[in-house]
Amino acid sequence: CLTYAGLAAKARQVAATLQAAGYGGERAMLVYQPGLDYVVGFLGCLLAGVTAVPAYPPDPFRMERTFPRFQAIVADSQPAAILSTAAILDLAGDIFDEFPEFDGITRIAADTLPADAGDAWRRPDVTADTLAFLQYTSGSTANPKGVMLTHGNLVGNLECIRSGFGVKPSDVV
């Protein structure tokens, strides 16, 4: 369970860490299983002015199929950092070390950041035209292809959802 305040605090921890590393305007690959850790990482990127690049972790039982897709996304997006959990990074660390495309990419276990890390967060200079994230296709018939989505695209999509569901400012979702 995570409150709104807890989510905001954890996202600021990630954002401030990315900002302190100088990654504003860069890309960070999000390597998470579905869940709250992913949401924290994604929001942390948005709050840092860092382009999020979501990618499922390679499946250890289907590495011959899932790892090449993962490698293709790394090669195409050229992330400055990989954000994940300590558990995923521990499992993947030896594999990443074997491939040159992972050289120089900082690995950040977002679930181990200190509670006060978010104190250094500063609002980034983003506009509606600022790239928010790269969404990759499945790559079932060829290498995955990235689609660029801006902060304006995200706000527009949220407005469509709000309008479509008739959500009012007093509603809690």
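The analysis underlying the following values was restricted to heavy atoms, covering all of them including side chains, and did not include hydrogens, waters or symmetry mates.
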Side-chain donor-acceptor pairs of residues 13-25 under 3.5 Å, sequence neighbours excluded:
from, atom 1, to, atom 2, distance (Å)
Q13, NE2, A115, O, 3.2
T17, OG1, Q13, O, 2.8
Q19, OE1, R122, N, 3.1
Q19, NE2, R122, O, 2.6
Y23, OH, T106, OG1, 2.6

Problem - Residues D116 and R12 bridged, charged N to O under 4.0 Å - result: no

Exercise. What is the ring orientation for F67 with F99, classed by angle as parallel under 30°, tilted 30 to 60°, or perpendicular over 60°?
Worked result: tilted

Parallel, tilted or perpendicular: ring planes of Y38 versus Y32, cut at 30 and 60 degrees = perpendicular

request  = Decide yes or no for L154 and L46: does some side-chain heavy atom of the first lie under 4.5 Å from some side-chain heavy atom of the second?
outcome  = yes

Report task. Taking the side chain as every heavy atom from C-beta outward, state whether T85 and D90 have any pair of such atoms under 4.5 Å apart. Result -> no

To the nearest 0.5 Å, atom CD1 of I105 lies from atom CG of D103 at 8.0 Å

One should read off an interatomic distance between I108 CD1 and I82 CD1, to the nearest 0.5 angstrom, of 10.0 Å

For residues S84 and L30, determine if any side-chain heavy atom of one lies less than 4.5 Å from a side-chain heavy atom of the other. no

Does some side-chain heavy atom of Y56 sit less than 4.5 Å from a side-chain heavy atom of Y136? no

| said: Side chains of R27 and V50, heavy atoms from C-beta outward: is any pair under 4.5 Å? | reply: no

Decide side chain to side chain contact (heavy atoms under 4.5 Å, CB included) for V74 and M29; before the verdict, give the C-alpha distance in whole Å, the side-chain angles of both, and the deciding distance to 0.1 Å. CA-CA 8 Å; V74 170; M29 191 169 211; 3.4 Å; yes

message: Donor-acceptor check, side chain of D129 to backbone of T150, threshold 3.5 angstrom: yes or no?
response: no

key: L43 side chain reached by L7 side chain, heavy atoms, under 4.5 Å   = yes

Q) Is a side-chain N or O of T137 found less than 3.5 angstrom from the main chain of K145, in a donor-acceptor match? A) yes

- Task: Check whether any side-chain heavy atom of P54 lies under 4.5 Å from a side-chain heavy atom of F133, and answer yes or no.
- Result: yes

Could you walk me through whether D59 and R69 pass salt bridge (Lys or Arg N to Asp or Glu O under 4.0 Å), step by step?
CA-CA 11 Å; D59 182 342; R69 178 186 186 282; over 6 Å; no

